[in-house]
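In what follows, a single structure is set out as C-alpha cells and then discussed.
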Amino acid sequence: MGALSTAVCCASTRCGEARRCPVSARQVTIRSVRVAVVAGPDGSCWLSELAEDGTSHGPVVRHDDFPAAVTAHDHGDVRWVWPATAAIYPALLRAGVRVGRCHDVALTEALLLGREGRLAEPASLAGAWSRLRGAAVPAVQAGQRPAAASRPGQDALFDPADPVFPDPRAALEALIAVHADQVRRIAADEHPGRFALLVAAESAGGLIAGEMGHDGLPWRADVHSDLLTGLLGQRPMAGMRPARLADLAARICDALGGPPVNPDSPAQVLRALAAAGVRVPSTRSHVLRGVDHPAAALLLEYKELARLHAAHGWAWLDEWVSGGRFRPEYVVGGVVSGRWATRGGGALQIPRVLRRAVIADPGHVLVVADAAQLEPRVLAALADDRAFAAAAGTGDLYEALAGAFGGDRAKAKVALLSAMYGGAGGEAGQLLAVLRHRFPLASKYVEAAARAGEEGRVVRSRLGRTCPPPSAAWRGLTSVPDEPGADEARAGRSLRARGRFTRNFVVQASAADWALVLLAGLRRRLAALSAPNAAAGAAAAHPENQPEGDGDTAARLVFFQHDEVIVHCQQALAGAVEAAVGEAAAEAGRLVFGPTPVRFPVTTAVVASYSDAK
DNA sequence: TTCCGTTGCGCG
DNA sequence: AAAGCGCGCAACGGAA
C-alpha cells in the first residue's frame with residue numbers, strides 16, 4: 001500500500017462545505033461507491049473513497065464531525081467500509097444519522113476466519129492487519145469462547161494508546177489494506193457470489209442490530225408491572241419472595257412434611273421428595289408432572305412463577321426498560337450458526353406471558369411476521385429433492401407430507417424434526433425409514449452432514465458460513481483406535497453428538513442465512529416506505545435524520561428472533577409493511593437458493609399488542 | 001469473598 | 001441402550 005495523500009477539507013464544518021470535498025463530489029456520478037472510514041479523536045473521522053475491488057483509493061480526507069461527514073456523503077448508494085459497526089454505529093445513531101449499507105470488517109473477518117478454520121484468532125481490524133503483515137497476532141484471551149473472541153470489540157475504536165494504530169491515518173491505511181484483502185478472499189471462495197451475499201447480509205445485520213438496540217422494542221412497564229402483581233402479589237423488598245411465592249414455598253414444606261426445604265434448590269427438593277417416598281431422577285418439570293404427590297403440583301406452580309420473578313420480574317423491568325422501550329444489545333453472529341445472540345436482557349427469551357406488555361405507540365401498530373416451518377423448507381431447498389420440494393411449495397409442508405405417513409400430519413412433523421435434529425427415539429426411527437424411502441435426497445443431505453461431523457470434518461451453510469471444527473479434546477477422545485472399555489462408549493457418544501451438531505448446523509445456519517437476507521431486504525424496503533417523497537430531494541431520502549422519539553414516524557424494525565420479525569409503524573403504513581415483508585421473503589428465497597419450487601411463506605399479523613399475534 | 005460447574009427453564 | 005439442535009440467564013453450592 002503506497003503512501004496516502006491527504007486533502008483536508010471541510011475541517012471545521014458540518015455538512016454544508018463537506019459537499020464540496022472531492023469524495024462527495026465524485027460520488028454523484030458513480031453508482032456504487034465504497035468509502036473507508038475510521039474514527040479519529042474528539043469525534044473526528046478520516047475517510048477515503050475506494051474502488052469497488054478495494055485495490056485503490058482516492059485522497060484521504062479528515063472531517064471534524066463524523067456524523068456530519070457521513071450525512072454529507074451518504075446519498076443512498078454508498079457502502080461504508082469500517083472496522084466494526086458495533087463500535088461505530090451507536091454514536092452515529094445517537095447523532096441521528098443512519099446509513100444505507102456497510103462492509104463490517106470485523107464481522108466479515110469472523111466469517112472468513114471461520115471458513116479458514118482459524119476461529120480462535122481475533123477478528124478485529126487489528127488482528128486482521130497483524131495477520132496481513134505477518135506480524136504477531138494479538139492473542140485471544142484464555143478462556144474466551146471463539147464467538148466472543150470474534151466479536152468486534154473496543155479495539156475497533158480509535159485509541160491513541162493502541163500500539164497497533166498510533167494514529168487514525170495508520171488505522172485507515174490498515175482498514176483499506178484489510179478490506180482489499182477481504183475482497184480477494186471472498187472472491188476466492190468456492191461460491192464467491194453466495195459468500196459475498198453472506199458478507200453483505202451480515203454487515204446489514206450489524207446495522208439492523210445497532211438500530212434495533214437504539215430504537216428499542218415498545219414496552220409498557222405499567223402493563224408488565226400489573227401483570228407481575230397479579231401473578232406474584234405486591235412487589236417485595238429486594239431479595240424477598242413475593243407473597244404468592246412465599247405462600248407456595250410454605251405449602252410445599254407442609255406437603256413434604258420434613259424439615260424446611262428451599263424450593264429453589266433442586267438438591268434440597270430431591271432429598272425432601274426422597275424422604276417423602278418419591279424417587280425421581282431430577283426435579284425437572286416434565287418429571288414432576290408424572291409424580292403423584294401433593295407437593296408436585298405445588299412445585300410446578302412455584303417453579304413457573306419463580307422463574308418469571310427471577311428472569312423477568314421487577315428487577316429486570318428496572319434494568320432494561322426505560323422511556324417505554326426495551327433496549328437489548330443484539331450480538332450479530334453471536335451463535336455459530338449465524339443466529340443472533342443478545343448481551344443482557346434476554347431479549348430472545350421473552351416469556352410468552354409478557355408479550356402483552358409489548359404494545360404499539362398511539363396511532364401505531366406492530367406488524368408481527370413469522371416464517372412458517374422455516375427449517376424444513378430450508379432443508380427442502382438445500383436437498384433439491386423434487387418430491388420434497390414440491391411439498392414445500394405449498395402452504396402447510398407437514399400436511400403436504402402427511403400422505404407419505406399414512407395421512408398423519410403429526411407423524412410427518414416428527415419425522416422431519418428427527419431428521420433435522422438427529423433424534424431416533426420412540427417411533428422416530430420408524431418414521432425416519434419412511435422419510436428415507438420416500439424422500440431419499442432430503443434424507444441423504446442431512447445424513448451426509450452428520451457423517452461429515454462424525455468424521456471430524458466441518459460443514460457449511462448455503463451461503464458459506466462454516467461450523468467450528470471439533471475441539472482437540474474431541475479428536476483425542478474419538479481417535480483412540482479400537483480400545484475396548486468405558487472410553488469406547490464415551491467416544492461413541494461424542495461422535496454421535498458431533499454428528500447431530502453438523503446435521504442440524506446445515507439446516508439451522510442456512511435458515512439463518514435466509515432470515516438475514518430477508519431482514520436486509522425488509523430494511524431497505526422500510527426505508528423507502530418511510531420516505532414517500534424520496535424523489536423530491538436528498539433531505540426527504542433521509543427521514544431517519546428527523547428527531548428521535550415522538551417526531552420519529554418511520555417504520556422501524558424493532559424485534560428479530562431467528563424466524564420472526566416485528567415492525568413498529570404508523571397504522572396507515574401497516575398494509576405496505578405487510579407487502580414489504582412478503583416481497584423481502586420471496587427475494588430472500590431467490591437470492592439464497594436460486595430457482596426452487598420451495599416457497600417461504602411468512603404469516604403477518606397487524607396488532608396493537610404482540611400477545612395478539614398468533 | 002469470588003469463581004465456576006451444574007441444574008433448570010425461557011425462547012427459536 | 002439411547003441420547004434429536006442452538007442459545008442466555010438465574011440460582012445453588014462447592015472450590016479457591
Side-chain angles (χ1 to χ4, degrees), chain A residues 143 145 147-148 239 241 261-271 281-288 299-300 302-313 315-316 319-320 328-331 333-355 370-376 378-379 413-429 431-432 446 449-450 453 459 461 465 467-468 489-490 492-512 515 559-565 610 614:
Chain A
R145 286 162 55 250
R241 281 199 180 106
V261 56
N262 175 6
D264 288 321
S265 167
Q268 286 185 34
V269 171
L270 222 47
R271 277 196 297 273
S282 78
T283 63
R284 288 176 149 83
S285 295
H286 68 92
V287 172
L288 289 179
L299 278 165
L300 283 169
Y302 178 90
K303 283 158 87 81
E304 189 178 343
L305 293 175
R307 168 150 188 100
L308 179 65
H309 179 238
H312 290 93
W316 181 91
E319 185 174 354
W320 292 105
E329 187 184 353
Y330 294 92
V331 184
V335 180
V336 290
S337 65
R339 284 183 170 185
W340 292 11
T342 55
R343 237 183 327 253
L348 303 184
Q349 296 96 230
I350 298 170
R352 299 184 78 93
V353 66
L354 286 187
R355 292 183 180 183
D370 188 298
Q373 306 166 337
L374 178 58
E375 293 196 351
V378 163
L379 173 57
K413 184 173 179 176
V414 168
L416 252 296
L417 294 178
S418 300
M420 293 187 297
Y421 291 156
E427 60 172 348
L431 297 175
L432 281 175
V446 286
V459 293
S461 74
R465 192 184 305 269
C467 82
R490 267 186 73 199
R493 276 196 301 275
S494 295
L495 279 172
R496 285 187 291 276
R498 175 78 190 170
R500 285 195 301 277
F501 168 65
T502 50
R503 169 197 294 269
N504 183 247
F505 182 93
V506 293
V507 177
Q508 187 184 111
S510 298
F559 191 61
F560 170 54
Q561 186 178 33
H562 314 316
D563 60 0
E564 185 177 355
V565 59
Y610 188 14
K614 283 197 284 195

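What you see is a predicted model; the values in this text were computed from it and never measured. Note on naming: letters A, B, ... go to the chains in the order of the sequence lines (proteins, then strands), and numbering restarts at 1 for each one.
Candidate nucleotides C:dG4, B:dG8, B:dG10 were compared by shortest atom distance to the side chain of A:Q349, and B:dG10 ranks first. Each of B:dG12, C:dA3, C:dC7 was ranked by its minimum atom distance to the side chain of A:R496; first place goes to C:dA3. Across C:dC5, B:dG10, C:dC12, the shortest atom-to-atom separation from the side chain of A:N262 is found for C:dC12. Closest contact between the side chain of A:Q508 and the listed nucleotides C:dC5, C:dC7, C:dG4 involves C:dC5. Listed nucleotides C:dA3, B:dT7, C:dC5 differ in distance to A:R493; the shortest reach to its side chain belongs to C:dA3.
Checking C:dG14 for Watson-Crick or G-U wobble geometry (two distances, each under 3.5 Å) identifies B:dC3 as its partner.
Going from atom CZ of A:F560 over to atom P of B:dC11 covers 18 Å, rounded to whole Å. The separation between A:H309 atom NE2 and C:dA11 atom P is 9 Å, rounded to whole Å. Atom NE2 of A:H562 and atom P of C:dG8 are 10 Å apart (whole Å). C:dA11 atom P lies 20 Å from atom CG of A:L270, rounded to whole Å. Spacing between atom CG of A:L374 and atom P of B:dC11 amounts to 19 Å, rounded to whole angstrom units. The distance from atom CG of A:L288 to atom P of B:dG8 is 9 Å, rounded to the nearest whole Å. Separating the CG atom of A:L308 from the P atom of C:dA10 is a distance of 13 Å, rounded to the nearest angstrom. Between A:D264 atom CG and C:dA11 atom P the separation is 8 Å, expressed in whole Å.
Backbone-only contact: A:R355 has heavy atoms under 4.0 Å from sugar-phosphate atoms and none from a base. As judged by a 4.0 angstrom heavy-atom cut-off over every strand, A:Q268 is placed among residues touching the sugar-phosphate backbone only. Residue contacts shown for A:R307 include a base, since a base heavy atom lies under 4.0 Å away. Within the 4.0 angstrom heavy-atom criterion, base atoms lie near A:G423.
Residue A:S418 places none of its side-chain N or O atoms closer than 4.0 Å to OP1 or OP2 of C:dG4. An OP1 or OP2 oxygen of C:dC7 is reached within less than 4.0 angstrom by no side-chain nitrogen or oxygen of A:R339. Within the structure, every side-chain polar atom (N or O) of A:K303 is placed at least 4.0 Å from both OP1 and OP2 of B:dG8. The phosphate of C:dG4 has neither OP1 nor OP2 within less than 4.0 Å of any side-chain N or O from A:N504. When the side-chain nitrogen and oxygen atoms of A:T342 are compared with OP1 and OP2 of C:dC7, none of them lie within a distance under 4.0 Å. The side chain of A:R352 places an N or O atom within less than 4.0 Å of a non-bridging phosphate oxygen (OP1 or OP2) of B:dG12. The phosphate of C:dG13 (OP1 or OP2) has a side-chain N or O of A:S265 nearer than 4.0 angstrom.
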* To do: Determine, step by step, whether A:Q561 and A:F559 satisfy the side chain to side chain contact (heavy atoms under 4.5 Å, CB included) criterion, reporting the C-alpha distance in whole Å, the side-chain angles of both residues, the deciding distance to 0.1 Å, and the verdict.
  => CA-CA 7 Å; A:Q561 186 178 33; A:F559 191 61; 3.6 Å; yes

* **Stepwise side chain to side chain contact (heavy atoms under 4.5 Å, CB included) test for A:T283 and A:K303** => CA-CA 10 Å; A:T283 63; A:K303 283 158 87 81; 3.7 Å; yes

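You'll find the side chain of A:V336 stays beyond 4.5 Å of the side chain of A:C467, heavy atoms only.
With a 6.0 Å radius and a threshold of 12 heavy atoms from other residues, nucleotides or ligands, A:E304 has its CD atom at or below the threshold.
Between C:dA3 and B:dG10, the distance separating the two P atoms is 24 Å to the nearest Å.
For C:dG4, the O4'-C1' to base torsion is within 90° of 0; the nucleotide is therefore syn.
A salt bridge does not link A:K413 to A:E375: none of the charged nitrogens lies less than 4.0 Å from a carboxylate oxygen.
Defined by atom type and a distance below 3.5 Å, a donor-acceptor pair is present between the side-chain atoms of A:Y302 and A:R241.
Taken to the nearest 0.5 Å, the OH atom of A:Y421 stands 14.0 Å off from the CZ atom of A:F501.
Side-chain to base pairing of A:R500 with C:dC5: no donor and acceptor N or O lie closer than 3.5 Å to each other.
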